[in-house]
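Structure first, then comments.
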Amino acid sequence: MRPPGFRNFLLLVSSLLFAGLSAVPQSFSPSLRSWPGAACRLSRAESERRCRAPGQPPGAVLCHGRGRCDCGVCICHVTEPGMFFGPLCECHEWVCETYDGSTCAGHGKCDCGKCKCDQGWYGDACQYPTNCDLTKKKSNQLCKNSQDIICSNAGTCHCGRCKCDNSDGSGLVYGKFCECDDRECIDDETEEICGGHGKCYCGNCYCKAGWHGDKCEFQCDITPWESKRRCTSPDGKICSNRGTCVCGECTCHDVDPTGDWGDIHGDTCECDERDCRAVYDRYSDDFCSGHGQCNCGRCDCKAGWYGKKCEHPQSCTLSAEESIRKCQGSSDLPCSGRGKCECGKCTCYPPGDRRVYGKTCECDDRRCEDLDGVVCGGHGTCSCGRCVCERGWFGKLCQHPRKCNMTEEQSKNLCESADGTLCSGKGSCHCGKCICSAEEWYISGEFCDCDDRDCDKQDGLICTGNGICSCGNCECWDGWNGNACEIWLGSEYP
């Protein structure tokens with residue numbers, strides 16, 4: 001027989017063990033599964049009840065939406081920054097209030113989303129001292145924003161720190177000087193922040209892809225990629241880094257006070273009229289020193305003047321008519337529409353490009369290149385804009401072999417257009433490739449299905465002579481832009 005003292009010891013141990021187990025939350029009971037991997041001994045409803053926050057009805061979010069429920073136990077597993085913890089994943093170490101960039105203002109510790117303030121401090125972010133040693137004048141001075149307004153008229157000053165007006169408990173007014181008011185982001189119709197299609201930061205909506213508007217109330221009918229493509233300027237930048245792209249359209253940063261064109265304009269904000277002024281003054285119309293016309297940020301000087309801003313007088317013994325006549329040569333336009341005429345001499349565009357040359361810029365070897373930049377199809381040489389083909393090849397770009405290694409039927413099958421017509425009825429088929437009618441110079445394309453008359457003209461020239469027409473659209477040479485390649489965006493003229 002064991003002594004009575006041993007029996008008392010067993011009773012004490014068993015009572016302590018029972019008390020310890022009863023203190024463990026139900027959701028963490030070790031007896032819910034018989035062994036790892038075994039079926040849960042709780043019903044699904046009971047399991048989910050233990051994973052819901054107290055007072056939440058059936059069907060409400062489990063584990064605060066930050067984890068999964070496993071047999072009545074929450075397993076936190078979100079991938080957002082910071083650590084989530086707590087029996088119901090209710091605690092987040094990064095959600096405590098901040099003040100002036102510091103969590104709990106540097107005067108407390110973050111405990112499950114709430115600041116525990118050090119002695120002598122209080123407030124949601126521990127930003128207010130319990131005892132203030134500042135005068136009212138000094139306190140108000142510290143509460144003024146950059147416009148010298150105390151707490152932006154959206155709060156009251158407490159010992160040099162602003163307490164924002166949030167009587168409804170929404171917390172939508174915030175900031176060191178209460179300068180941010182997210183109530184500005186609330187959609188009047190849906191009463192949601194940014195219409196439910198964006199996030200609000202300091203009173204401004206930042207919309208999700210496919211939405212735009214002050215409160216993200218408008219949906220874009222094109223993809224984000226198409227929107228970006230339409231807003232990309234010739235230099236590869238979005239709205240030339242001078243505007244904002246909204247649903248494929250650029251809104252340039254500069255707007256003239258009168259409501260007319262601002263100094264920055266163009267489909268992709270590529271034109272900057274400020275480049276045409278010797279001294280910038282947005283309210284002045286003194287472009288190009290008064291001796292020229294501003295064309296998309298570039299000065300086109302009047303006869304007798306030159307320079308970036310047409311600031312230098314030019315000594316030329318020729319009259320304007322004589323100068324233009326010398327620059328025309330056999331062309332209808334001065335410098336063949338591909339250069340600038342100064343005192344009877346042509347400066348070809350773009351400067352430094354040896355492919356454009358000649359006394360009147362009549363030679364343009366870029367016309368010998370296909371859209372991939374290959375000269376004369378790799379089967380010839382270019383001479384003043386025309387291909388001289390090697391033996392065995394012919395065509396405008398030496399793209400057709402004279403000897404064909406396929407049957408006539410094979411060749412015709414490759415020449416059929418979408419409607420089953422051979423070369424769209426506007427050309428002949430040779431070795432699987434269409435040769436468009438020479439009489440109809442404007443017909444082009446792989447199946448002679450393009451009409452280059454659809455390309456925009458300027459000064460009577462298709463693509464102004466500064467690009468090639470590709471199936472009705474102008475493909476401009478480097479430095480040129482516009483529907484008709486009429487706008488020069490390259491470097492300054494020599």
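Position 1 is the first residue of the sequence; numbering continues from there.
- Between the side chain of Gln127 and the backbone N or O of Ala125 there is at least one donor-acceptor pair closer than 3.5 Å.
- Of the possible donor and acceptor atoms, one in the side chain of Gln410 sits under 3.5 Å from a partner among the backbone N and O of Thr407.
- Residues Val173 and Asn166 have side chains in contact (heavy-atom distance under 4.5 Å, counting atoms from C-beta outward).
- Between Lys433 and Cys415, the shortest heavy-atom contact is N-SG, 3.5 Å.
- A 6.0 Å sphere centred on CG of Asp267 holds no more than 12 heavy atoms belonging to other residues, nucleotides or ligands.
- Contact of the Cys76 side chain with the Arg66 side chain is not registered, since no non-hydrogen atoms from C-beta on lie closer than 4.5 Å.
- Cys252-Cys239 SG separation is not under 2.5 Å; the pair is not scored as a disulfide.
- On the SG-SG cut-off of under 2.5 Å, Cys245 and Cys231 qualify.
- Two residues are said to be in side-chain contact when any heavy atoms from C-beta on lie closer than 4.5 Å; Pro334 and Gln328 meet this criterion.
- Once rounded to the nearest 0.5 Å, the distance linking CD of Glu249 with OG of Ser227 reads 9.0 Å.
- Here the CG-SG distance, from Asn405 to Cys431, works out to 6.5 Å after rounding to the nearest 0.5 Å.
- Under a 3.5 Å cut-off, the side chain of Asp181 and the backbone N or O of Gly203 do not form any donor-acceptor pair.
- Side-chain atoms of Glu217 come within 3.5 Å of backbone N or O of Lys215 as a donor-acceptor pair.
- In this structure, Glu322 places its CD atom where more than 12 heavy-atom neighbours from other residues, nucleotides or ligands lie under 6.0 Å away.
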Exercise. Could you walk me through whether Glu369 and Arg355 pass the salt bridge (Lys or Arg N to Asp or Glu O under 4.0 Å) test, one step at a time?
Key: CA-CA 11 Å; Glu369 299 177 0; Arg355 295 174 297 176; 3.0 Å; yes
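- Side-chain contact annotation: Gln219 with His197, donor-acceptor N/O pair under 3.5 Å absent.
- Ring geometry, His379 versus Trp393: the interplanar angle falls under 30°, so the pair is classed parallel (tilted spans 30 to 60°).
- Expressed to the nearest 0.5 Å, how far SG of Cys151 lies from NZ of Lys144 amounts to 11.5 Å.
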Quiz item: Where do Cys157 and Cys162 land on the disulfide (SG to SG under 2.5 Å) test, with the steps shown first?
Solution: CA-CA 5 Å; Cys157 186; Cys162 288; 5.6 Å; no
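- Contact annotation: the side chain of Lys176 approaches that of Tyr99 to within less than 4.5 Å [non-hydrogen atoms, C-beta and beyond].
- Cys341 does not pair with Cys335 as a disulfide, the SG atoms being 2.5 Å or more apart.
- Distance check: Arg402 CZ to Arg391 CZ gives 10.5 Å after rounding to the nearest 0.5 Å.
- The closest side-chain donor-acceptor pair between Thr156 and His158 falls under 3.5 angstrom.
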Quiz prompt | Residues Cys348, Cys361; criterion disulfide (SG to SG under 2.5 Å); working and verdict | solution = CA-CA 6 Å; Cys348 303; Cys361 304; 2.1 Å; yes
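- Checked against the 2.5 Å cut-off, the SG-SG distance between Cys376 and Cys398 does not fall under it.
- For the pair Thr232 (side chain) and Ile238 (backbone), a donor-acceptor distance under 3.5 Å is absent.
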Exercise. Take Cys485 and Cys476 through the disulfide (SG to SG under 2.5 Å) test and state the conclusion after the steps.
Key: CA-CA 5 Å; Cys485 305; Cys476 304; 2.1 Å; yes
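- No side-chain heavy atom of Lys302 sits less than 4.5 Å from a side-chain heavy atom of Gln293.
- Contact check for Ile186 versus Glu192: no side-chain heavy atoms found under the 4.5 Å cut-off.
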Quiz item: Could you go step by step and tell me if Thr98 and Thr103 meet the side chain to side chain contact (heavy atoms under 4.5 Å, CB included) rule?
Solution: CA-CA 4 Å; Thr98 62; Thr103 301; 3.9 Å; yes
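- Not less than 2.5 angstrom separates the SG atom of Cys207 from that of Cys194.
- For a disulfide, the SG atoms of both cysteines must be under 2.5 angstrom apart; this fails for Cys382 and Cys387.
- Residues Cys104 and Cys126 approach most closely at O-CB, 3.5 Å, considering heavy atoms.
- Although no hydrogens or angles enter the test, the distance criterion places no donor-acceptor pair under 3.5 Å between the side chain of Asn295 and the main chain of Arg298.
- Of the possible polar contacts, none joining the Tyr357 side chain to the Asp365 backbone as a donor-acceptor pair under 3.5 Å is found.
- Taking CD1 of Ile443 as the start and CG of Asp451 as the end, the distance is 4.5 Å to the nearest 0.5 Å.
- Ring geometry for His212 against Phe218 counts as tilted: the plane angle lies between 30° and 60°, on a 0 to 90° scale.
- The two residues Phe394 and Pro401 make their nearest non-hydrogen contact at CE2-O, 3.8 Å.
- Of the possible polar contacts, none joining the Asp182 side chain to the Tyr201 backbone as a donor-acceptor pair under 3.5 Å is found.
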Quiz item: Checking side chain to side chain contact (heavy atoms under 4.5 Å, CB included) for the pair Ile222/Arg230: CA distance, chi angles, key distance, verdict?
Solution: CA-CA 10 Å; Ile222 59 176; Arg230 294 185 187 183; 3.8 Å; yes
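- One N or O on the side chain of Ser240 and one on the backbone of Thr268 form a donor-acceptor pair closer than 3.5 Å.
- Counting heavy-atom neighbours within 6.0 Å of Asn140 CG, excluding the residue itself, gives a total above 12.
- Note: Ile193 CD1 to Glu184 CD = 10.5 Å, rounded to the nearest 0.5 Å.
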Practice problem: Kindly determine whether Cys89 and Cys63 satisfy disulfide (SG to SG under 2.5 Å), including the steps that lead there. | Solution: CA-CA 6 Å; Cys89 304; Cys63 305; 4.9 Å; no
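- Atom CD of Glu446 sits in a sparse spot, with 12 or fewer heavy atoms from other residues, nucleotides or ligands closer than 6.0 Å.
- In this structure, the side chains of Cys288 and Lys309 stay at 4.5 Å or more apart for every pair of heavy atoms.
- The only option from Ser233, Cys269, Cys271 that meets the side-chain contact (heavy atoms from CB on, under 4.5 Å) definition with Arg242 turns out to be Cys269.
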Quiz item: Does the side chain to side chain contact (heavy atoms under 4.5 Å, CB included) test come out yes or no for Phe447 and Ser424, once each step is laid out?
Solution: CA-CA 6 Å; Phe447 299 104; Ser424 305; 4.2 Å; yes
Quiz prompt | Criterion salt bridge (Lys or Arg N to Asp or Glu O under 4.0 Å) on Glu408 and Lys412, from CA distance to verdict | solution = CA-CA 6 Å; Glu408 185 176 353; Lys412 287 183 177 180; 3.3 Å; yes
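- The closest side-chain heavy-atom distance from Thr421 to Glu416 is not below 4.5 Å.
- Between the side chains of Asp449 and Ser417, no donor-acceptor pair of N or O atoms lies under 3.5 Å.
- Smallest separation of non-hydrogen atoms from Glu179 and Cys202: O-SG, 4.2 Å.
- Judged by distance alone, with hydrogens and angles left aside, the side-chain atoms of Thr223 form a donor-acceptor pair with the main-chain N or O of Glu226 at under 3.5 Å.
- Between Cys247 and Cys220 the SG-SG gap is short of 2.5 angstrom.
- Pairing of Cys276 with Cys299 by a disulfide is not supported, the SG atoms lying 2.5 Å or further apart.
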